Amino acid sequence: MPELPEVQTVVSTLAPHVTGARVLAVQLNRKDIVTPIDLDIAPLLENRVITAVTRRAKRIVFTLDNANRFYIHLGMSGQLTLETPSAEVKKHTHLILRLQHPKLEIRFRDPRRFGGIFWLGAADGDNALGPEPLTLNPARLAKSLASTRRPIKSALLDQRLIAGIGNIYADESLYLAAIHPLTPANELPAAAVARLNRAIKQTLRRAIAARGSTLRDFVGADNAPGGYRVKHQVYGRDGEKCRKCRTVIERIVLTGRSTCYCPRCQPAR
DNA sequence: GTCCATGTTCTTTA
DNA sequence: CTAAAGAACATGGA
């Protein structure tokens, strides 16, 4: 569920309620959901105050009052929600942080377990992550894209080049920028890179405003689904007509992922 | 039973 | 510092 807009939605719905709260108790139901796998995180979290919850790429970063940090990655099916202690604990809930005030629990559940809890300690964990898309500029984007001749769609999914975009918003951004997904990244003309830079920001901002896309199970920390799916122009719309030109949206497979695009609005060059 | 899914990382290949 | 394609991970819904 989690690309940048969904992760931002979780942070925005969680941070105001838990910043400044003390962790009273930690319940870890699966040790293998933590990296490093043999780290006992309970004593590291118990009795600490959460001083910040922020987003970096698709990571939800918690900062503690002793300056230690960890992050939660939602993988494909992760949910991070704020619950009353009496609420039923759903299957695949791997971590529960019981807070002192407010008397609520932060719960992490992830059926497919592609996500996890990653201990950072004093590090910021930014190594190998590319720039944030929302503060990107054309020159920086061009620098990332010049490094590979893979298709632009694949390049947008590479978190080392740009960090936070996933399969939905890569397709949506390329549509808005009128770029064919198979175009080699290092062959995009400067004008196309500039369009893409603007398209990425506009797409992500609109998606954040709608609280992200819920395809199946994504919810914010308040358990509310996102409303951006109905605004998708191409993702998941293969076989349907382009909203702009009525051409049928096509689907191809790239890097093992479905890629949807309008062959008329996004011509190959 | 089959196929597919919002992600990342490790292995294989050219 | 190869670079890129492919497989693997695990669960559940259509």
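Here is the naming used below: chain letters follow the sequence lines, and residue numbers restart at 1 for every chain. These numbers come from a predicted model, not from an experiment.
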Quiz item: Do Leu174(A) and Ile249(A) sit in the same hydrophobic cluster, where Ile, Leu, Val, Met, Phe, Trp and Tyr count as joined when their side-chain heavy atoms come under 4.5 Å apart?
Solution: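 No, because Leu174(A) and Ile249(A) fall into different hydrophobic clusters, even though each may have its own neighbours under 4.5 Å.
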Quiz item: Does Val34(A) share a hydrophobic cluster with Leu44(A), counting links as ILVMFWY side-chain heavy atoms below 4.5 Å and allowing steps through other members?
Solution: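 Per the 4.5 Å side-chain linkage, Val34(A) and Leu44(A) are co-clustered.
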Find the distance [X]:[atom1] to [N]:[atom2] and express it as a whole number of Å.
X         : N      : atom1 : atom2 : value
Asp32(A)  : dT9(B) : CG    : P     : 16 Å
Glu6(A)   : dT6(B) : CD    : P     : 12 Å
Met76(A)  : dT9(B) : CE    : P     : 14 Å
Tyr71(A)  : dG7(B) : OH    : C1'   : 12 Å
Gln79(A)  : dA5(B) : CD    : P     : 20 Å
Arg257(A) : dT9(B) : CZ    : P     : 13 Å
Phe118(A) : dT9(B) : CZ    : C1'   : 10 Å
Arg229(A) : dA5(B) : CZ    : C1'   : 11 Å

Results of salt bridge (charged side-chain N to carboxylate O under 4.0 Å, His left out) for [X] - residues two or more places apart only:
X         : answer
Glu132(A) : Arg55(A), Arg56(A)
Asp124(A) : none
Arg98(A)  : none
Arg195(A) : none

Self-check item: Intra- and interstrand pairs of DNA chain C - dot-bracket, Watson-Crick/G-U under 3.5 Å, | marks other strand
Solution: .||||||||.||||
Quiz item: What pairs of residues pass the side-chain hydrogen bond (donor to acceptor under 3.5 Å, both in side chains) test when at least one of them lies in residues 25-39 of chain A, not counting sequence neighbours?
Solution: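 Applying side-chain hydrogen bond (donor to acceptor under 3.5 Å, both in side chains) to every pair that reaches into residues 25-39 of chain A, excluding sequence neighbours, yields Gln27(A)-Asn29(A), Arg30(A)-Asp32(A).
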Practice problem: Sequence neighbours left out, what pairs pass side-chain hydrogen bond (donor to acceptor under 3.5 Å, both in side chains) with at least one residue falling in residues 58-72 of chain A? | Solution: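 side-chain hydrogen bond (donor to acceptor under 3.5 Å, both in side chains) check on residues 58-72 of chain A returns Arg48(A)-Asp65(A), Arg59(A)-Tyr71(A).
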Exercise. With heavy atoms under 4.0 Å as the rule, sort Arg251(A) into base, sugar-phosphate or nothing.
Key: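 Here Arg251(A) touches the backbone only, sparing every base.
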Practice problem: To the nearest 0.5 Å, tell me how far Leu157(A) CG sits from Leu254(A) CG. | Solution: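 Here the rounded value is 9.0 Å.
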Practice problem: Taking only the side-chain nitrogens and oxygens of Gln159(A), find out if one of them lies under 4.0 Å from OP1 or OP2 of dG7(B). | Solution: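 For dG7(B), OP1/OP2 do not have a side-chain N/O of Gln159(A) under 4.0 Å.
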Practice problem: Look at the side-chain N and O atoms of Lys58(A) and state whether any lies under 4.0 Å from the OP1 or OP2 oxygen of dT6(B). | Solution: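 Result: no.
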Quiz item: Would you call the rings of His94(A) and Phe108(A) parallel, tilted or perpendicular, where under 30° means parallel and over 60° means perpendicular?
Solution: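 Perpendicular, since the angle between the ring planes exceeds 60°.
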Quiz item: Hey, what's the ring geometry for His73(A) with Phe118(A), parallel, tilted or perpendicular (30° and 60° as the breaks)?
Solution: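 Perpendicular, since the angle between the ring planes exceeds 60°.
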Self-check item: Nucleic acid contacts of residues 160-185 of chain A, taken as heavy-atom distances under 4.0 Å to DNA chain C
Solution: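 By residue number: none to list.
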Quiz item: Which residues, if any, of residues 119-127 of chain A bring a heavy atom under 4.0 Å of DNA chain C?
Solution: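 Contacting residues: none.
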Quiz prompt | Arg22(A) atom CZ: more than 12 heavy-atom contacts under 6.0 Å | solution =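 Yes, the 6.0 Å shell around CZ holds more than 12 heavy atoms from other groups.
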Exercise. Taking atom CZ of Arg140(A) as the centre, report whether more than 12 heavy atoms of other residues, nucleotides or ligands fall under 6.0 Å from it.
Key: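 Yes, enclosed.
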When you compare [N] with [M], how far apart are their [atom1] atoms, in angstrom units rounded to a whole number?
N       : M       : atom1 : value
dG12(C) : dT9(B)  : P     : 24 Å
dT11(B) : dA10(C) : P     : 15 Å
dG6(C)  : dC4(B)  : P     : 15 Å
dA7(C)  : dC3(B)  : P     : 14 Å

Please list, for nucleotides 11-14 of chain C, all pairs of protein and nucleotide N/O atoms separated by less than 3.5 Å.
from: dT11(C); atom 1: OP1; to: Arg113(A); atom 2: NH2; distance (Å): 2.2
from: dT11(C); atom 1: O3'; to: His92(A); atom 2: NE2; distance (Å): 3.3
from: dG12(C); atom 1: OP1; to: His92(A); atom 2: NE2; distance (Å): 2.7
from: dG12(C); atom 1: N2; to: Arg216(A); atom 2: NH2; distance (Å): 3.4

Practice problem: Could you run through nucleotides 1-8 of chain C and give me one letter per nucleotide, 5' to 3': B if any protein heavy atom sits under 4.0 Å from the base, S if only the sugar-phosphate is that close, - if neither? | Solution: ---S----
Quiz item: Does any N or O in the side chain of Arg243(A) come within less than 3.5 Å of the main-chain N or O of Val234(A), such that one atom is a donor and the other an acceptor?
Solution: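 Pair absent, no side-chain N/O of Arg243(A) close to backbone of Val234(A).
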Practice problem: Report yes or no: does Glu6(A) contribute a side-chain atom to a donor-acceptor pair with the main-chain N or O of Glu3(A) at less than 3.5 Å? | Solution: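 Checked: pair present.
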Exercise. When you get a sec, tell me which of dT6(B), dG7(B), dA5(B) is the closest nucleotide to the side chain of Phe218(A)?
Key: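 Closest nucleotide to the Phe218(A) side chain: dT6(B).
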Quiz prompt | Side-chain donor-acceptor pair present, Tyr261(A), Glu250(A), cut-off under 3.5 Å | solution =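 Yes, Glu250(A) and Tyr261(A) have a side-chain donor paired with an acceptor closer than 3.5 Å.
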Self-check item: Residues in side-chain hydrogen bond (donor to acceptor under 3.5 Å, both in side chains) contact with Asp222(A), at least two apart in sequence or another chain
Solution: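 With neighbours one apart ignored, the set is Arg211(A).
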